[in-house]
Amino acid sequence: MDHTQPPGDATPSARNCGCRPPNATAADADLVADAVDLAAAPIQIPPGLDRINFEDSACIAFDGTGRDDDPIIAEPVLNPAACNALRCTETGLLVPKTQLVPLPSTAPGPVHPRGARSIDMEITEAAPADCPDRWRIGARLSPASGEAALTADRALHGNPGTWLNTALVTTLPQPGRYYVSWDVNGQICATAGHCSNMWVQARVIDNETGAVEAPRRTVIQHQFSVPGGTRLQSCQTATAPITHRVTVTPAQGTKTLRLQGIFQNVTDPANCPDTTVEFAVINGGITYVTWHKYSD
(Lines give C-alpha, C1' and ligand atoms only; values in the text may rest on other atoms or scores of the structure.)
Protein backbone atom coordinates (compact mmCIF):
# COMPACT_ATOMS: atom_id res chain seq x y z
CA MET A 1 0.00 0.00 0.00
CA ASP A 2 1.21 3.39 -0.94
CA HIS A 3 1.45 5.64 2.22
CA THR A 4 2.96 8.59 0.40
CA GLN A 5 1.30 11.86 1.34
CA PRO A 6 -0.03 13.92 -1.55
CA PRO A 7 2.00 17.00 -2.34
CA GLY A 8 1.14 19.94 -0.10
CA ASP A 9 -0.36 17.77 2.65
CA ALA A 10 1.07 17.97 6.12
CA THR A 11 1.42 15.03 8.39
CA PRO A 12 -0.97 15.53 11.28
CA SER A 13 0.55 15.46 14.78
CA ALA A 14 -0.19 12.52 16.96
CA ARG A 15 -2.11 14.82 19.33
CA ASN A 16 -4.41 16.25 16.63
CA CYS A 17 -5.15 13.12 14.66
CA GLY A 18 -5.90 10.95 17.67
CA CYS A 19 -3.95 8.09 16.21
CA ARG A 20 -0.83 6.43 17.54
CA PRO A 21 1.78 4.01 16.29
CA PRO A 22 1.10 0.30 16.59
CA ASN A 23 1.58 -1.04 20.15
CA ALA A 24 1.59 2.55 21.54
CA THR A 25 -0.52 3.25 24.62
CA ALA A 26 -2.51 6.29 25.50
CA ALA A 27 0.12 7.27 28.07
CA ASP A 28 2.77 7.28 25.37
CA ALA A 29 0.76 9.65 23.29
CA ASP A 30 0.38 12.03 26.22
CA LEU A 31 4.17 12.10 26.82
CA VAL A 32 4.80 12.98 23.19
CA ALA A 33 2.29 15.78 23.32
CA ASP A 34 3.80 17.21 26.53
CA ALA A 35 7.31 17.21 24.97
CA VAL A 36 6.02 19.16 21.99
CA ASP A 37 4.50 21.75 24.30
CA LEU A 38 7.74 22.17 26.30
CA ALA A 39 9.83 22.63 23.16
CA ALA A 40 7.57 25.42 21.96
CA ALA A 41 7.37 27.20 25.32
CA PRO A 42 9.91 30.01 26.12
CA ILE A 43 12.63 29.36 28.73
CA GLN A 44 11.53 30.63 32.09
CA ILE A 45 14.25 32.41 34.17
CA PRO A 46 13.60 32.46 37.91
CA PRO A 47 12.71 35.91 39.29
CA GLY A 48 15.81 37.99 40.31
CA LEU A 49 18.20 36.04 38.10
CA ASP A 50 19.02 37.77 34.80
CA ARG A 51 20.80 36.15 31.90
CA ILE A 52 24.60 36.98 31.84
CA ASN A 53 26.05 37.74 28.42
CA PHE A 54 29.81 37.77 27.73
CA GLU A 55 31.26 39.66 24.79
CA ASP A 56 34.90 40.04 23.71
CA SER A 57 36.46 43.51 23.80
CA ALA A 58 39.64 44.87 22.22
CA CYS A 59 41.60 43.91 25.36
CA ILE A 60 39.75 40.90 26.83
CA ALA A 61 38.66 37.70 25.09
CA PHE A 62 36.32 35.11 26.65
CA ASP A 63 36.49 31.37 26.10
CA GLY A 64 34.35 28.48 27.39
CA THR A 65 30.69 27.65 27.65
CA GLY A 66 30.20 28.13 31.36
CA ARG A 67 29.52 24.48 32.13
CA ASP A 68 31.19 22.89 35.11
CA ASP A 69 33.63 21.08 32.87
CA ASP A 70 34.14 24.09 30.56
CA PRO A 71 34.30 27.29 32.62
CA ILE A 72 34.40 30.72 31.06
CA ILE A 73 37.97 32.10 31.04
CA ALA A 74 38.92 35.72 30.37
CA GLU A 75 42.21 36.10 28.51
CA PRO A 76 44.09 39.39 27.88
CA VAL A 77 44.49 40.37 24.25
CA LEU A 78 48.13 41.52 23.85
CA ASN A 79 49.01 43.89 21.06
CA PRO A 80 51.74 42.18 18.98
CA ALA A 81 53.68 45.44 18.41
CA ALA A 82 57.37 45.08 19.24
CA CYS A 83 57.18 48.06 21.59
CA ASN A 84 54.55 46.40 23.78
CA ALA A 85 56.20 45.35 27.05
CA LEU A 86 52.98 44.00 28.61
CA ARG A 87 52.89 40.27 29.10
CA CYS A 88 50.83 37.73 31.03
CA THR A 89 52.76 35.86 33.72
CA GLU A 90 51.81 33.21 36.26
CA THR A 91 51.39 35.92 38.88
CA GLY A 92 49.50 38.39 36.68
CA LEU A 93 50.01 41.06 34.03
CA LEU A 94 53.51 42.52 34.06
CA VAL A 95 54.99 45.64 32.49
CA PRO A 96 58.76 45.88 33.27
CA LYS A 97 59.78 49.17 34.84
CA THR A 98 62.82 51.04 33.55
CA GLN A 99 64.96 52.79 36.14
CA LEU A 100 68.18 54.72 35.44
CA VAL A 101 70.78 54.30 38.17
CA PRO A 102 74.32 55.78 37.94
CA LEU A 103 77.16 53.29 38.12
CA PRO A 104 79.64 53.72 40.95
CA SER A 105 83.02 55.00 39.87
CA THR A 106 85.75 52.39 39.47
CA ALA A 107 88.46 54.95 38.83
CA PRO A 108 90.92 55.79 41.61
CA GLY A 109 91.14 59.27 43.00
CA PRO A 110 88.45 61.77 44.02
CA VAL A 111 84.95 60.93 42.88
CA HIS A 112 81.50 62.43 43.22
CA PRO A 113 80.26 62.47 46.86
CA ARG A 114 77.52 60.00 45.96
CA GLY A 115 79.99 57.67 44.28
CA ALA A 116 78.96 58.52 40.71
CA ARG A 117 81.34 59.47 37.95
CA SER A 118 81.81 63.20 37.47
CA ILE A 119 79.46 63.66 34.53
CA ASP A 120 76.43 65.84 33.83
CA MET A 121 73.51 63.94 32.32
CA GLU A 122 70.44 65.17 30.47
CA ILE A 123 67.40 62.98 29.76
CA THR A 124 64.69 64.29 27.44
CA GLU A 125 61.75 62.57 25.76
CA ALA A 126 62.25 62.34 22.00
CA ALA A 127 58.56 62.63 21.17
CA PRO A 128 55.39 62.41 23.28
CA ALA A 129 53.12 59.37 22.99
CA ASP A 130 55.34 57.51 20.56
CA CYS A 131 55.71 53.75 20.39
CA PRO A 132 58.24 52.60 21.36
CA ASP A 133 58.69 55.34 23.94
CA ARG A 134 62.00 56.96 23.02
CA TRP A 135 64.28 59.10 25.15
CA ARG A 136 67.48 61.02 24.45
CA ILE A 137 70.23 60.64 27.04
CA GLY A 138 73.19 62.98 26.85
CA ALA A 139 76.26 63.14 29.07
CA ARG A 140 78.88 65.80 29.47
CA LEU A 141 82.06 65.17 31.35
CA SER A 142 82.51 67.42 34.36
CA PRO A 143 86.25 67.11 34.06
CA ALA A 144 88.64 66.59 36.87
CA SER A 145 91.13 69.41 36.76
CA GLY A 146 94.01 70.84 38.70
CA GLU A 147 96.94 73.19 38.77
CA ALA A 148 100.27 73.61 40.53
CA ALA A 149 102.99 76.25 40.69
CA LEU A 150 106.75 76.28 41.11
CA THR A 151 107.18 78.20 44.36
CA ALA A 152 110.96 78.76 44.32
CA ASP A 153 113.55 79.41 41.60
CA ARG A 154 115.37 76.40 40.20
CA ALA A 155 119.00 77.23 39.44
CA LEU A 156 120.44 75.46 36.38
CA HIS A 157 123.78 77.19 35.67
CA GLY A 158 125.77 75.13 38.18
CA ASN A 159 125.34 71.96 36.06
CA PRO A 160 125.33 73.00 32.41
CA GLY A 161 124.35 70.32 29.92
CA THR A 162 122.47 68.25 32.54
CA TRP A 163 118.73 67.80 32.87
CA LEU A 164 117.73 68.81 36.39
CA ASN A 165 114.45 68.14 38.22
CA THR A 166 112.37 71.10 39.33
CA ALA A 167 109.96 70.99 42.26
CA LEU A 168 107.00 71.45 39.92
CA VAL A 169 105.04 68.18 39.82
CA THR A 170 101.39 67.38 39.24
CA THR A 171 99.41 64.14 39.53
CA LEU A 172 96.70 63.13 37.07
CA PRO A 173 94.34 61.30 39.44
CA GLN A 174 92.49 58.70 37.36
CA PRO A 175 92.53 56.83 34.04
CA GLY A 176 91.61 58.89 31.02
CA ARG A 177 92.86 61.47 28.53
CA TYR A 178 94.18 64.82 29.74
CA TYR A 179 95.18 68.13 28.24
CA VAL A 180 98.19 69.52 30.13
CA SER A 181 99.58 73.04 29.76
CA TRP A 182 102.82 74.32 31.32
CA ASP A 183 103.90 77.97 31.39
CA VAL A 184 107.65 77.97 31.97
CA ASN A 185 109.40 81.24 32.78
CA GLY A 186 113.17 81.29 32.49
CA GLN A 187 115.92 83.85 32.96
CA ILE A 188 119.62 84.11 32.05
CA CYS A 189 121.82 86.89 33.38
CA ALA A 190 125.32 87.02 31.85
CA THR A 191 128.01 89.40 30.68
CA ALA A 192 129.13 88.95 27.10
CA GLY A 193 132.81 89.54 26.45
CA HIS A 194 132.65 89.95 22.70
CA CYS A 195 130.03 87.16 22.38
CA SER A 196 127.65 84.77 24.16
CA ASN A 197 125.68 81.70 23.09
CA MET A 198 123.57 80.04 25.78
CA TRP A 199 119.96 79.02 26.45
CA VAL A 200 117.53 77.34 28.88
CA GLN A 201 115.22 74.52 27.82
CA ALA A 202 112.47 72.57 29.62
CA ARG A 203 110.68 69.25 29.20
CA VAL A 204 108.14 67.06 31.02
CA ILE A 205 108.78 63.52 32.23
CA ASP A 206 106.86 60.70 33.92
CA ASN A 207 108.07 61.09 37.47
CA GLU A 208 107.99 57.33 38.12
CA THR A 209 109.58 55.95 34.98
CA GLY A 210 111.56 58.95 33.71
CA ALA A 211 109.97 58.57 30.27
CA VAL A 212 109.65 61.83 28.35
CA GLU A 213 106.02 62.95 28.15
CA ALA A 214 106.64 66.24 26.35
CA PRO A 215 109.90 66.92 24.46
CA ARG A 216 112.20 69.86 25.11
CA ARG A 217 111.14 73.43 24.45
CA THR A 218 113.50 76.38 24.37
CA VAL A 219 112.49 78.85 27.05
CA ILE A 220 115.08 81.64 26.80
CA GLN A 221 118.24 82.41 24.78
CA HIS A 222 121.21 84.69 25.52
CA GLN A 223 123.10 85.39 22.29
CA PHE A 224 125.15 88.53 21.82
CA SER A 225 128.04 89.74 19.71
CA VAL A 226 129.78 92.97 20.61
CA PRO A 227 133.00 94.70 19.42
CA GLY A 228 136.25 93.37 20.77
CA GLY A 229 137.23 94.81 24.09
CA THR A 230 133.61 95.59 24.89
CA ARG A 231 131.62 93.80 27.56
CA LEU A 232 127.80 93.74 27.66
CA GLN A 233 125.87 92.74 30.76
CA SER A 234 122.32 91.57 30.01
CA CYS A 235 119.47 89.65 31.69
CA GLN A 236 117.06 87.92 29.33
CA THR A 237 113.64 86.66 30.51
CA ALA A 238 110.94 84.83 28.57
CA THR A 239 108.01 82.47 29.02
CA ALA A 240 107.50 79.39 26.85
CA PRO A 241 104.40 77.14 26.77
CA ILE A 242 104.53 73.37 26.79
CA THR A 243 101.14 71.86 25.87
CA HIS A 244 100.52 68.18 25.35
CA ARG A 245 98.02 65.36 25.80
CA VAL A 246 98.57 62.60 28.32
CA THR A 247 96.94 59.17 28.61
CA VAL A 248 96.58 57.47 31.98
CA THR A 249 95.70 53.78 31.53
CA PRO A 250 93.58 51.74 33.96
CA ALA A 251 96.68 49.69 34.76
CA GLN A 252 98.54 52.87 35.74
CA GLY A 253 95.66 54.30 37.72
CA THR A 254 97.40 57.67 38.20
CA LYS A 255 100.37 59.44 36.67
CA THR A 256 102.67 62.07 38.16
CA LEU A 257 104.42 64.49 35.82
CA ARG A 258 107.51 66.59 36.60
CA LEU A 259 109.06 69.60 34.91
CA GLN A 260 112.78 69.43 34.16
CA GLY A 261 115.16 72.16 33.00
CA ILE A 262 118.59 72.31 31.37
CA PHE A 263 121.13 75.11 30.83
CA GLN A 264 123.23 74.93 27.68
CA ASN A 265 126.32 77.14 27.25
CA VAL A 266 128.23 76.74 24.01
CA THR A 267 129.94 80.13 24.06
CA ASP A 268 133.34 79.77 22.39
CA PRO A 269 135.89 80.50 25.14
CA ALA A 270 138.68 81.10 22.61
CA ASN A 271 136.81 83.92 20.90
CA CYS A 272 134.86 85.14 23.90
CA PRO A 273 137.18 84.66 26.89
CA ASP A 274 135.59 87.37 29.03
CA THR A 275 132.00 86.04 28.92
CA THR A 276 130.67 85.16 32.37
CA VAL A 277 127.39 83.73 33.62
CA GLU A 278 125.73 85.17 36.69
CA PHE A 279 122.79 82.75 36.80
CA ALA A 280 120.35 80.74 34.69
CA VAL A 281 117.09 79.72 36.37
CA ILE A 282 113.54 78.66 35.92
CA ASN A 283 111.65 81.26 37.90
CA GLY A 284 109.41 80.29 40.79
CA GLY A 285 106.07 81.99 41.37
CA ILE A 286 105.44 82.52 37.65
CA THR A 287 106.00 78.99 36.35
CA TYR A 288 102.97 76.75 36.68
CA VAL A 289 100.96 73.89 35.18
CA THR A 290 97.24 73.40 34.60
CA TRP A 291 95.43 70.29 33.39
CA HIS A 292 91.95 68.97 32.80
CA LYS A 293 90.54 65.60 31.87
CA TYR A 294 88.56 65.56 28.64
CA SER A 295 87.84 61.87 28.07
CA ASP A 296 87.68 58.52 29.85
Side-chain angles (χ1 to χ4, degrees), residues 105-112 117-118 141-190 197-223 235-267 277-296:
S105 175
T106 57
V111 296
H112 192 279
R117 287 187 177 276
S118 55
L141 185 68
S142 298
S145 61
E147 61 182 22
L150 182 66
T151 58
D153 292 351
R154 179 53 165 113
L156 305 174
H157 55 277
N159 295 278
T162 302
W163 284 103
L164 301 176
N165 288 338
T166 73
L168 183 53
V169 294
T170 189
T171 298
L172 308 179
Q174 56 189 246
R177 294 278 290 165
Y178 294 81
Y179 181 82
V180 186
S181 177
W182 309 73
D183 281 321
V184 185
N185 184 276
Q187 186 177 37
I188 299 175
C189 283
N197 187 10
M198 57 192 76
W199 59 89
V200 167
Q201 293 180 315
R203 70 180 184 183
V204 179
I205 65 167
D206 183 322
N207 192 55
E208 181 179 354
T209 66
V212 176
E213 290 284 341
R216 67 178 69 199
R217 304 285 196 279
T218 298
V219 180
I220 182 68
Q221 288 181 301
H222 191 287
Q223 291 182 319
C235 289
Q236 300 295 306
T237 303
T239 299
I242 302 176
T243 57
H244 59 120
R245 292 180 176 87
V246 180
T247 297
V248 181
T249 67
Q252 291 170 321
T254 65
K255 180 178 286 189
T256 299
L257 305 176
R258 181 182 293 272
L259 181 70
Q260 287 187 326
I262 189 172
F263 172 61
Q264 302 279 15
N265 184 3
V266 295
T267 303
V277 179
E278 279 114 54
F279 60 84
V281 299
I282 292 179
N283 287 316
I286 51 177
T287 295
Y288 59 93
V289 59
T290 59
W291 56 265
H292 70 267
K293 180 180 177 181
Y294 65 87
S295 173
D296 281 334

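Counting only heavy atoms from C-beta outward, the side chains of Pro215 and Arg217 approach each other to under 4.5 Å. Side-chain contact between Val184 and Val200: absent, with no pair of heavy atoms (C-beta onward) separated by less than 4.5 Å. Between Tyr178 and Pro173 there is a side-chain heavy-atom pair separated by less than 4.5 Å. Between Met198 and His157 there is no side-chain heavy-atom pair separated by less than 4.5 Å.
Side-chain contact check for Thr256 and Thr171: at least one donor-acceptor pair (N or O, by modelled atom type) lies under 3.5 Å.
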Test side-chain contact (heavy atoms from CB on, under 4.5 Å) on Val204 and Val180 and set out the steps. CA-CA 10 Å; Val204 179; Val180 186; over 6 Å; no
Evaluate Asn265 against Val277 for side-chain contact (heavy atoms from CB on, under 4.5 Å), listing each step before the verdict. CA-CA 9 Å; Asn265 184 3; Val277 179; 3.8 Å; yes
With side-chain contact (heavy atoms from CB on, under 4.5 Å) as the test, would you mind laying out the steps for Ile188 and Phe263 before giving the verdict? CA-CA 9 Å; Ile188 299 175; Phe263 172 61; 4.2 Å; yes
Lys293 and Leu172: CA distance, side-chain angles, deciding distance, side-chain contact (heavy atoms from CB on, under 4.5 Å) verdict: CA-CA 8 Å; Lys293 180 180 177 181; Leu172 308 179; over 6 Å; no
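From His222, atom NE2 reaches atom CD of Gln264 across 16.0 Å, with rounding to the nearest 0.5 Å. For the atom pair OG1 (Thr267) and CG (Asn197), the distance works out to 5.5 Å, reported to the nearest 0.5 Å. Note that CD of Gln260 and OG1 of Thr162 are 11.0 Å apart. Values are rounded to the nearest 0.5 Å. Between the OG atom in Ser181 and the CH2 atom in Trp291 there is a gap of 13.5 Å [rounded to 0.5 Å]. With rounding to the nearest 0.5 angstrom, the CD1 atom of Ile262 is 8.5 Å from the CG atom of Leu156. Rounded to the nearest 0.5 Å, atoms CZ (Arg154) and CD1 (Ile282) are 8.5 Å apart.
Take Arg177 and apply the side chain to side chain contact (heavy atoms under 4.5 Å, CB included) test, not counting sequence neighbours, and it matches Arg245, Thr247, Tyr294, Ser295. Shown here are the side chain to side chain contact (heavy atoms under 4.5 Å, CB included) partners of Thr151, two or more places apart in sequence or in another chain: there are none. Among residues two or more places apart in sequence or in another chain, the side chain to side chain contact (heavy atoms under 4.5 Å, CB included) test is passed with Thr239 by Asp183, Asn185.
Residues Arg203 and Leu259 share a closest heavy-atom pair of O-CD1, 3.4 Å. Shown here for Thr166 and Leu150, the closest heavy-atom pair between the two residues is CB-CD1, 4.3 Å. When all heavy atoms of Ala214 and Ile242 are compared, the pair lying nearest together is CB-CG2, 3.7 Å. In plain terms, the two heavy atoms of Ala149 and Tyr288 that are nearest each other are CA-CB, 3.9 Å. What you find for Pro250 and Pro175 is that their closest heavy atoms are CA-CG, 3.7 Å. Closest heavy-atom contact between Asp206 and Leu257: CA-CD2, 4.5 Å.
In this structure a side-chain-to-backbone donor-acceptor pair under 3.5 Å is present from Asp153 to Gly284.
Environment of CD in Gln223: crowded, with over 12 heavy atoms of neighbouring residues, nucleotides or ligands closer than 6.0 Å. Within a 6.0 Å radius of CD in Glu147, no more than 12 heavy atoms belonging to other residues, nucleotides or ligands are found.
Classified by interplanar angle (parallel below 30°, tilted 30° to 60°, perpendicular above 60°), the ring pair Trp182/His244 is parallel.
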